[in-house]
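What follows is a short report on a single structure.
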Amino acid sequence: MKFQAPKGVKEYLPPASSLFERVRDALIAPARLANYQLMELAIFEETEVFTRGVGESTDVVSKEMYTFTDRGDRSLTLRPEGTAGVMRAVIESGMDRGQLPVKIYYVGPFFRAERPQAGRYRQFYQVGIEAIGSEDPYLDVEVISIATQGFSNLGLKGFTLVINSLGDTESRIAYREALSKYLLSLSLDEATRERARINPLRVLDDKRPEISAALSQAPSILDFLNEPSRRDFEKVQAGLDSLDIQYEINPRLVRGLDYYTKTTFEFVHPQLGAQSGIGGGGRYDGLMESLGGQPLSGIGFGIGLDRVILACEAEGISGFFGNALSCFIIPLGSEFQSEAMFIATELRARGLRVDSAFGDRSLKAGMKAADKSGAQFAFVLGERESVSRSIELKELATGKVQSIKLEELASYLLTARSEDTSGIQGDISRENTRG
RNA sequence: GUGGGCGUAGCUCAGCUGGUAGAGCAUCCGGUUGUGGUCCGGAAUGUCGCGGGUUCGAGCCCCGUCGCUCACCCCA
C-alpha cells in the first residue's frame with residue numbers, strides 16, 4: 001500500500017515551499033503595517049456559521065462543504081472561506097462593541113469539496129483581511145491598496161484589478177428584480193433558470209459563451225445605484241486614482257458569495273489558465289447581523305496563496321534568496337562529531353544558519369554534501385583543528401581558503417553573510433528571512 | 001456531477017508494424033596522503049498503476065478499474 005495525499009490537496013515541499021513562505025509573508029506584511037491584527041481561528045466551525053454567513057444558495061454551501069458530525073452529534077464544517085469565521089469570533093469576543101473599525105488579518109488553509117484543477121484545490125491557502133464597523137469608502141480603498149502592496153512586494157506585475165459596485169441593499173434589490181425579470185425572459189437551461197430565480201446576480205458570473213452572449217443585453221447594476229451608493233463608489237474610484245492604483249470597472253463582477261454589497265473587486269492574472277482570479281473581496285452590510293452581531297458593515301479580501309504562487313511562477317519570481325546556509329561543518333571521523341555539534345550550536349545561537357555532515361562518511365562525501373547544501377562556507381574539523389583551535393574556512397563559491405581562529409568564526413561569518421534580497425516591505429521580513 | 005489527456009527506475013521521459021525494458025538527471029562508491037563543483041570508472045533501483053481478456057508471446061491491442069491532470073459548473 002502506497003499512501004498519497006488526499007485528492008486535490010496541494011502540498012508545498014522543499015524547495016518549492018520557500019516560495020510559499022515568501023508569498024505568505026509578502027502578503028501579510030502590508031496588512032500589519034496598516035495596523036491589522038492576526039486572528040488564528042478555528043479551522044472547523046458549526047456548520048450554521050457558514051450556511052447563515054455565506055448563504056444557502058451559494059455553490060460553496062450547497063455542494064462544496066466538508067461537513068461531518070462529531071461524537072457529540074454536532075454538525076461541523078471545515079471552513080470553506082474566512083470571512084464568516086472572523087465575524088463569528090468578533091461577535092463572540094465582543095470586539096464589535098469596542099473601538100471601530102476592527103481590523104483583522106488571517107492566514108491558513110481552507111477546504112472545498114470540488115473537482116480539483118489548476119489553481120483550484122480541495123485544501124487551499126488564503127491570506128485575508130477584514131475591516132469591520134465603518135462604512136467609510138476610504139476603508140475600501142485601504143483594503144484594496146493593501147492587496148496591491150502585497151503583490152508589489154513580490155514584484156508581481158501581470159495582474160489587473162477589476163472593481164464594481166453592487167449598491168446598498170435598496171439598490172441591490174431593485175437591480176435584482178430587474179435582472180431576474182430579464183433572465184427569465186430568455187430561454188435558459190433549467191439549472192440556470194433556477195439560479196436566476198434564487199440569486200440572479202450570480203448568473204452574471206457564468207462564463208459559458210451562450211450565456212454570456214445572452215447577457216450582453218442585460219441591465220447594468222450601475223444604472224440602478226441610488227444616490228448614496230453612487231457617491232460611495234465614486235469616492236472609492238477617486239481614492240484609488242489618488243494612490244495611482246490602476247483598475248477597470250466591470251458591472252458584471254458580482255462574486256459568488258451572497259453577503260456582498262456595494263464595492264466588490266477582484267484581481268485577475270491572465271497567465272493562470274481557467275482559475276485566473278488571484279484574489280478578491282468586497283463590502284458586506286448584513287453579514288454581522290445575520291450571525292447575531294451588531295449591524296455593522298465591513299469590507300475585506302481573500303487572496304489565494306496557491307494562485308499567487310502560480311502567478312509568481314508564470315512571472316519568473318522564485319523563493320527566498322537570503323536564506324542561504326552560512327556554514328557547513330565536516331567532522332573528520334566520528335570522534336569529532338560532538339565537537340562539531342558544539343560549534344554548530346554556538347554559531348546558531350548567534351543567529352547563523354549552520355549544518356554539518358552526518359554518518360561518518362568520507363571527506364570527499366562531506367565536501368560534496370557541503371557543496372549541495374548551498375552553504376556560503378565550509379570547513380573540516382579534525383585532529384589539527386581541534387588542537388590548534390583554528391580552522392581552514394573555505395568559501396565554496398570561489399574556493400578561497402583562509403585560516404580563522406574558532407573564537408573569531410562567528411563574527412567573521414556574520415559580517416560575510418549575504419544580504420537579504422526577499423524584497424518584502426514590512427517588519428515581518430526581518431523575522432522570517434534572516435539567518 | 002460531466003467531458004478530454006495521461007499513468008514505464010527517486011525525477012523527466014524514450015520504447016519502431018506486439019518478441020519478456022532503456023536514456024538523461026538524481027543517489028552511492030572509487031579515481032592512493034585531510035577539501036566540493038567539471039571530468040572519468042563503477043554500483044544500486046522497476047511485479048511497465050491494478051485486474052481480466054486476445055495471442056505461441058503484451059509496456060505496446062481490447063475491456064474494466066483506480067489514480068493523476070486539464071476543462072465545464074463555481075470559486076481563492
Side-chain angles (χ1 to χ4, degrees), chain A residues 1-10 23 27 54 57-64 79-83 107-128 147 189 191-192 194-195 199 202-211 253-257 266-269 272-281 301-311 328-333 336 357 359 361-375 377-386 391-401:
Chain A
M1 184 68 209
K2 191 178 179 186
F3 292 112
Q4 55 182 324
K7 185 185 185 71
V9 174
K10 164 87 174 169
V23 167
L27 295 177
V54 180
S57 75
T58 60
D59 281 22
V60 168
V61 168
S62 63
K63 59 180 199 192
E64 295 168 3
R79 59 184 188 184
E81 60 98 54
T83 305
V107 214
F110 294 85
F111 306 86
R112 289 184 201 171
E114 303 173 271
R115 271 286 252 277
Q117 78 191 68
R120 184 173 67 187
Y121 310 114
R122 291 184 168 183
Q123 174 175 318
F124 58 101
Y125 292 85
Q126 266 185 225
V127 167
D189 62 277
T192 309
E194 181 65 14
R195 224 178 320 146
N199 194 341
R202 286 179 48 244
V203 179
L204 296 178
D205 251 352
D206 204 311
K207 285 175 200 121
R208 286 175 297 184
E210 67 273 20
I211 306 286
L253 176 70
V254 294
R255 311 193 42 78
L257 309 181
E266 190 166 289
F267 294 91
V268 296
H269 198 290
L272 294 198
Q275 305 308 321
S276 59
I278 56 177
F301 68 62
I303 295 176
L305 290 189
D306 310 276
R307 293 185 185 174
V308 174
I309 286 166
L310 290 174
F328 196 94
I329 306 174
I330 302 156
L332 208 62
F336 296 100
R361 302 201 298 162
S362 67
L363 172 59
K364 178 168 182 157
M367 283 304 295
K368 281 188 164 192
D371 186 47
K372 279 171 192 129
S373 75
F377 297 98
F379 68 90
V380 168
L381 184 72
E383 185 68 31
R384 295 208 296 256
E385 291 77 10
S386 182
I391 54 142
E392 301 294 310
L393 187 68
K394 186 168 197 172
E395 188 174 27
L396 290 169
T398 61
K400 271 200 313 204
V401 176

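Everything numeric in this text was worked out from a predicted model, so none of it was measured. Every chain is numbered from 1, with letters handed out A, B, ... down the list of sequences.
Residues forming a side chain to side chain contact (heavy atoms under 4.5 Å, CB included) with A:Ala370 (at least two apart in sequence, or on another chain): A:Phe328, A:Ile330, A:Ala378, A:Leu396. Scored by the side-chain hydrogen bond (donor to acceptor under 3.5 Å, both in side chains) test, A:Ser386 finds A:Glu339 as partners (sequence neighbours excluded). Partners of A:Leu272 according to the side chain to side chain contact (heavy atoms under 4.5 Å, CB included) rule, which considers only residues two or more places apart in sequence or in another chain, are A:His269, A:Ile278, A:Arg307, A:Leu310, A:Ala311. Qualifying side chain to side chain contact (heavy atoms under 4.5 Å, CB included) partners for A:Ala365, counting only residues two or more places apart in sequence or in other chains: A:Arg361, A:Ser362. A:Phe111 meets the ring-ring contact (aromatic ring centres under 6.0 Å, His included) test with no other residue; sequence neighbours excluded. When the salt bridge (charged side-chain N to carboxylate O under 4.0 Å, His left out) test is applied to A:Asp306, no partner is found at least two apart in sequence or on another chain. Applying the side-chain hydrogen bond (donor to acceptor under 3.5 Å, both in side chains) rule to A:Lys63 yields the partners A:Asp59; only residues at least two apart in sequence or on another chain are considered.
The residue A:Arg122 sits apart from the nucleic acid: no heavy atom pair falls under 4.0 Å. Residue-level contact check: A:Arg384 touches the bases, meaning some heavy atom is under 4.0 Å from a base atom. Nucleic acid contact class of A:Ile330 (heavy atoms, under 4.0 Å, all strands): none. Contacts of A:Glu385 with the nucleic acid, taken as non-hydrogen atoms under 4.0 Å apart, include base atoms. A:Ala397 comes within contact range of at least one nucleobase, with a heavy-atom separation under 4.0 Å. A:Glu81 comes within 4.0 angstrom of no nucleic acid atom, judged by non-hydrogen atoms across all strands.
Listed here is the closest heavy atom pair of A:Gln126 and A:Phe110: CB-CE1, 3.5 Å. When all heavy atoms of A:Gln117 and A:Ala274 are compared, the pair lying nearest together is NE2-CB, 3.6 Å. Residues A:Tyr125 and A:Lys10 share a closest heavy-atom pair of CE1-O, 4.4 Å. Nearest heavy atoms, A:Gly366 versus A:Ala357: CA-CB, 4.4 Å.
Rounding to whole angstrom units, CG of residue A:Leu363 and P of B:G34 are separated by 8 Å. Nucleotide B:G34 holds its C1' atom 11 Å from the NZ atom of A:Lys394, rounded to whole Å. Here the C1' atom of nucleotide B:G36 and the CD atom of A:Glu392 are 16 Å apart, to the nearest Å. Atoms CG (A:Leu305) and C1' (B:A76) sit 9 Å apart, rounded to a whole Å. Rounding to whole angstrom units, CG of residue A:Leu332 and C1' of B:U33 are separated by 12 Å. Atom-to-atom, CD1 of A:Ile303 to C1' of B:A76 comes out at 10 Å; the value is rounded to the nearest Å.
Judged by atom type and distance alone, A:Glu395 does not reach the base of B:G36 through any side-chain donor-acceptor pair under 3.5 Å. Between the side chain of A:Asp371 and the base of B:G37 there is no donor-acceptor pair of N/O atoms closer than 3.5 Å. Looking at A:Lys372, its side chain has no donor and acceptor atom pair within 3.5 Å of the base of B:G36.
A gap of 28 Å separates the C1' atoms of B:U45 and B:U65, to the nearest Å. B:U27 and B:G46: their C1' atoms are spaced 16 Å apart (whole Å). Straight-line distance between the C1' atoms of B:U17 and B:A23: roughly 23 Å, to the nearest whole Å. A distance of about 9 Å separates the P atoms of B:G18 and B:C61, rounded to the whole Å. Across the P atoms, B:G57 and B:C72 are found 46 Å apart, a figure rounded to whole Å. Across the P atoms, B:G37 and B:G31 are found 13 Å apart, a figure rounded to whole Å. Comparing B:U20 with B:C63, their C1' atoms are spaced 23 Å from each other, to the whole Å. For the P atoms, the distance from B:A14 to B:U8 is 10 Å, rounded to whole Å.
Stacking is found between A:Phe124 and the pyrimidine-like six-membered ring of the B:A76 base under the 5.5 Å centre-distance and 30° plane-angle cut-offs.
For RNA chain B, the stems formed by at least three consecutive Watson-Crick or G-U pairs, with both atom-pair distances below 3.5 Å, span B:1-7 with B:66-72, B:10-13 with B:22-25, B:27-31 with B:39-43, B:49-53 with B:61-65.
Note on residues 363-373 of chain A: no pairs pass salt bridge (Lys or Arg N to Asp or Glu O under 4.0 Å), not counting sequence neighbours. Within the structure, the salt bridge (Lys or Arg N to Asp or Glu O under 4.0 Å) test picks out the following pairs touching residues 107-127 of chain A (sequence neighbours left out): A:Glu114-A:Arg120.
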Short heteroatom pairs, N/O only, protein and nucleotides 68-73 of chain B, under 3.5 Å:
residue : atom : partner  : partner atom : Å
B:C68   : OP2  : A:Lys7   : NZ           : 3.1
B:C70   : OP2  : A:Ala118 : N            : 3.2
B:A71   : OP1  : A:Ala274 : N            : 3.1
B:A71   : OP2  : A:Gln117 : NE2          : 3.4
B:A71   : OP2  : A:Ala118 : N            : 3.2
B:C72   : OP2  : A:Gln117 : NE2          : 3.3
B:C72   : N4   : A:Arg120 : NH2          : 3.4
B:C73   : OP1  : A:Lys207 : N            : 3.3
B:C73   : OP1  : A:Arg208 : N            : 2.9
B:C73   : O2   : A:Lys63  : NZ           : 3.3
B:C73   : N4   : A:Arg120 : NH1          : 2.3
B:C73   : N4   : A:Arg120 : NH2          : 2.3

N/O to N/O distances under 3.5 Å, protein versus nucleotides 30-32 of chain B:
residue : atom : partner  : partner atom : Å
B:G31   : N7   : A:Lys364 : NZ           : 3.2
B:G31   : O6   : A:Lys364 : NZ           : 3.2

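Between A:Tyr125 and A:Phe379, the residue anchored nearer the 5' end of RNA chain B, judged by the nucleotide with its closest heavy atom, is A:Phe379.
Between the side chain of A:Arg384 and the backbone N or O of A:Ile391 there is no donor-acceptor pair closer than 3.5 Å.
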